[in-house]
Amino acid sequence: MKETMRRLTSILVLLTAVMTVQAEDTPLIGNVLNRQTTSLNGDWRYLVDVQECGYYGYRREKLSYGFFRNAKPQQPEDLIEYDFDKAETMPIPSDWNTRDQRLFFYEGTVWFHRSFNYQPKAGHRTLLYFGAVNYEAIVFVNGQEAGRHVGGFTPFNYNVTNLLKAGENFVTVKVDNKRSRENVPTLIFDWWNYGGITRDVLLVDVPQTYIGNYSLQLDRRNPKQLNFSLQLSAKEANRQVTLSIPELKIRQMLTTDANGHVSTSLKVRKLQLWSPEVPKRYGVSLTLGPTDSDASDMVSDSIGFRTIETRGKQLLLNGQPIFLRGISIHEEKPNGGGRANGPEDAHTLLSWAKELGCNFVRLAHYPHNEYMVREAERMGLMVWSEIPVYWTIAWTDDDTFANASRQLNAMIRRDQNRCNVIIWSIANETPHGKERDTFLSRLSRQAHDTDSTRLVSMAMEVLAASNYHNKLQDNMNEYVDVISFNQYIGWYRDVKDAAKMTWEIPYDKPVIVSEFGGGAKYGLHGAKNQRWTEEFQENLYRENTAMLDKIDGLAGTTPWILKDFRSPRRLLTGVQDYYNRKGLFSDQGQKKKAFYVLKEWYEGKK
Ligand code: GCB
């Protein structure tokens with residue numbers, strides 16, 4: 001072992017000396033899909049590294065000559081115990097669990113590697129952008145660390161300009177999806193821990209100073225006022241930024257302050273608001289001077305405008321009361337398991353929701369890929385977006401809080417111009433307690449401070465006050481704008497109780513039942529009291545929808561769930577087979593009987 005290490009060290013000493021340039025951490029670029037990009041999606045080489053020997057030595061010391069060096073033998077006697085060029089390939093984006101049978105249950109490290117040709121432009125910068133990597137990613141470019149990211153569902157980017165060279169380059173990513181108590185989510189959660197580079201990988205070409213991110217939204221209370229703000233990538237004063245919305249005849253020139261920031265409010269007279277019926281969006285373009293005809297950076301977007309607010313127990317969209325006819329969705333492919341990604345998957349899943357009569361989707365339990373949100377916006381579906389603060393988190397751990405807070409920030413920053421997002425959710429079914437309250441109230445404040453144009457909620461739990469009386473009591477009630485809770489009468493409790501239930505939600509805020517439902521195996525038929533049959537689920541939906549009608553202030557529901565999804569907690573052979581069967585669609589996309597019950601109920605809510 002020691003002999004091997006000496007040899008490797010001598011081979012790589014030279015490389016180490018040469019590679020000293022550093023990458024920089026860079027705030028998330030906004031609207032990446034409309035920038036100048038080169039896709040690095042496609043076939044990547046991969047190596048499964050159960051003991052992380054590509055990163056740690058035999059005394060668990062961090063190696064300076066790990067797999068990220070992509071070393072090759074220089075002499076015939078050289079010993080190098082990996083070779084990316086001979087490794088198998090996997091299409092990216094994807095999850096390794098459904099791409100390699102050996103990795104179905106695997107949780108650990110996999111290395112991903114690809115080379116690419118690139119010609120950097122003089123005076124430009126290049127960002128390396130990842131839509132998401134589950135869970136921890138350490139990213140290397142040409143053998144040098146560009147950065148590391150924690151959290152499986154949020155985008156991140158690094159300025160890799162100094163790490164790239166003209167011609168052949170390579171990028172290597174160490175991906176680790178081991179669960180841990182301090183992570184967000186934590187050790188246990190009811191969905192598959194799909195590992196891998198699960199969303200797009202892009203090289204983004206930007207000028208030296210570029211439009212970093214921006215927000216253009218209707219004022220929360222005033223439907224005649226647009227609020228705009230923009231941040232440059234550098235703190236440069238006196239740069240000219242032009243905002244144009246041709247259809248509204250808006251063309252506004254602004255000058256950056258010392259922080260490279262501009263903000264303004266604009267009066268608008270006639271505005272067609274976005275709604276599920278008419279999901280109108282306006283073409284918007286942003287240019288960065290010196291002069292408008294000589295723009296150094298330019299971004300176009302398509303932005304809709306709406307207001308969302310509450311009045312007592314009512315939820316108002318564009319000033320009008322609205323009932324949210326929703327459904328919960330996991331980010332899984334429409335046919336079979338595996339992570340969904342891309343516009344087609346999004347379209348199929350959301351079309352099913354439309355067919356059900358929905359105007360709202362709960363994208364559970366983590367921020368979904370950007371295509372989902374954009375496609376929903378285009379199709380007229382409002383969105384609840386959430387972070388995976390799920391069940392029992394390490395409430396007192398500062399790093400855990402920082403992690404949750406970063407995920408919340410990235411979720412908001414990525415989608416802040418998507419008008420269909422109406423609710424940011426900060427948690428799901430968390431246990432009551434002082435430490436939780438501190439953690440969640442900080443997140444709620446952060447969400448409100450970052451974004452005043454949307455509502456904040458979380459999926460709570462109802463505690464039984466007596467056998468047939470449910471009372472919602474949660475200290476977090478004052479921190480949320482909408483009261484949401486999950487309940488499983490008929491599944492984790494006898495369905496016959498549904499008719500007897502009374503509900504007390506003692507808060508003057510709109511109520512969303514963010515989950516209810518039960519499992520059925522598609523094609524299994526029988527009596528309505530026979531668990532796992534479609535008839536059992538159908539009856540459960542009938543009883544539940546009738547019960548929900550009696551909840552005062554009910555402003556919407558997002559039953560659990562659109563489609564059967566993979567879960568390691570669902571082990572019943574022949575029925576579950578590692579699927580949570582609460583879908584209204586089977587894992588193969590077939591409709592179960594309960595689909596029609598909900599569809600009919602939603603018909604009556606229009
Ligand atoms: C819940 C959770 C959800 C589970 C569901 C179930 O309350 O929020 O993630 O999958 O129950 O099926 O038990």
Side-chain angles (χ1 to χ4, degrees), residues 215-229 263 265-282 303-326 358-363 373 376-377 380-386 408 411-412 415-426 441 443-460 472 474 476-485 505-514 551-558 605-606:
S215 157
L216 177 66
Q217 290 286 281
L218 205 55
D219 187 83
R220 178 160 193 175
R221 308 210 176 272
N222 183 355
K224 297 262 175 265
Q225 180 178 314
L226 298 181
N227 297 328
F228 173 67
S229 67
S263 62
S265 291
L266 304 163
K267 294 277 169 259
V268 279
R269 274 195 296 155
K270 255 183 118 187
L271 196 61
Q272 162 94 62
L273 298 178
W274 182 98
S275 70
E277 294 72 36
V278 187
K280 167 72 184 169
R281 289 166 302 157
Y282 288 88
I303 299 184
F305 305 106
R306 54 94 191 102
T307 58
I308 185 81
E309 56 192 326
T310 65
R311 187 171 60 204
K313 284 191 180 268
Q314 279 184 328
L315 195 62
L316 308 178
L317 177 75
N318 300 329
Q320 299 300 315
I322 186 156
F323 185 84
L324 301 175
R325 306 186 305 270
C358 293
N359 59 8
F360 180 56
V361 287
R362 174 183 180 204
L363 302 183
V373 181
E377 186 182 50
L381 288 162
M382 292 173 278
V383 162
W384 156 312
S385 190
E386 73 189 75
L408 177 62
M411 172 173 80
I412 296 177
D415 290 339
Q416 61 191 4
N417 292 311
R418 304 283 69 85
C419 66
N420 61 327
V421 179
I422 55 166
I423 292 174
W424 300 125
S425 173
I426 53 170
S441 55
L443 287 182
S444 163
R445 249 179 260 122
Q446 178 187 333
H448 281 121
D449 289 350
T450 318
D451 182 359
S452 66
T453 67
R454 293 175 177 82
L455 307 171
V456 172
S457 195
M458 60 182 263
M460 300 171 174
L472 186 63
D474 194 312
M476 288 301 295
N477 74 80
E478 52 182 294
Y479 291 95
V480 295
D481 304 304
V482 176
I483 303 287
S484 308
F485 64 87
I505 291 111
Y507 311 118
D508 193 28
K509 295 186 177 180
V511 176
I512 294 179
V513 174
S514 35
I551 296 181
D552 181 33
L554 188 73
T557 77
T558 48
K605 298 283 171 202
K606 284 185 177 164

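The figures here come from the full heavy-atom set of this structure, side chains too, leaving out hydrogens, waters and symmetry mates.
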Has [X] got a side-chain atom pairing as donor or acceptor with [Y]'s backbone, closer than 3.5 angstrom?
X    : Y    : value
K509 : N477 : yes
N420 : V373 : yes
R418 : E377 : no
D219 : L226 : no
S444 : Y479 : yes
D481 : V456 : yes
N227 : S215 : no
R311 : G319 : no
K313 : Y507 : yes

Taking only residues two or more places apart in sequence or in another chain, which ones pass ring-ring contact (aromatic ring centres under 6.0 Å, His included) with F360?
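Per chain and number, F360 pairs via ring-ring contact (aromatic ring centres under 6.0 Å, His included) with no residue.
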
For F228, give me all partners under ring-ring contact (aromatic ring centres under 6.0 Å, His included), at least two apart in sequence or on another chain.
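If we apply the ring-ring contact (aromatic ring centres under 6.0 Å, His included) test to F228, skipping adjacent residues, there are no hits.
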
Where [X] and [Y] come nearest, the two heavy atoms and their spacing:
X    : Y    : result
R454 : Q416 : NH2-O, 3.0 Å
M382 : P276 : CE-CG, 3.8 Å
T450 : Q446 : OG1-O, 2.5 Å
R220 : L455 : NH2-CD2, 2.7 Å
A447 : I412 : CA-CD1, 4.0 Å
K280 : Q272 : CG-CG, 3.3 Å

For the side chain to side chain contact (heavy atoms under 4.5 Å, CB included) test, which of L324, V383, V482, T453 pairs with I422?
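Going through L324, V383, V482, T453 one by one, the side chain to side chain contact (heavy atoms under 4.5 Å, CB included) with I422 is satisfied by L324 alone.
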
Counting C-beta onward and ignoring hydrogens, is there a side-chain heavy-atom pair between [X] and [Y] closer than 4.5 Å?
X    : Y    : value
I322 : N359 : yes
W424 : L443 : no
C358 : L381 : yes
W274 : N318 : no

Roughly how far, to the nearest 0.5 Å, is the [atom2] atom of [Y] from the [atom1] atom of [X]?
X    : Y    : atom1 : atom2 : result
L317 : T307 : CG    : OG1   : 6.5 Å
L554 : L315 : CG    : CG    : 11.0 Å
M458 : S484 : CE    : OG    : 9.0 Å
T557 : R362 : OG1   : CZ    : 11.5 Å
N222 : S265 : CG    : OG    : 9.0 Å
R281 : N417 : CZ    : CG    : 12.5 Å

Intermediate values then yes/no, side chain to side chain contact (heavy atoms under 4.5 Å, CB included), I505 and D552:
CA-CA 8 Å; I505 291 111; D552 181 33; over 6 Å; no

Determine whether Q217 and R306 satisfy the following criterion, side chain to side chain contact (heavy atoms under 4.5 Å, CB included), listing intermediate values before the conclusion.
CA-CA 8 Å; Q217 290 286 281; R306 54 94 191 102; 4.0 Å; yes

Under the side chain to side chain contact (heavy atoms under 4.5 Å, CB included) rule, what do L273 and L271 come out as? Steps first, then yes or no, please.
CA-CA 6 Å; L273 298 178; L271 196 61; 3.9 Å; yes

I551 vs F485, test: side chain to side chain contact (heavy atoms under 4.5 Å, CB included). Steps then yes/no.
CA-CA 12 Å; I551 296 181; F485 64 87; 4.1 Å; yes

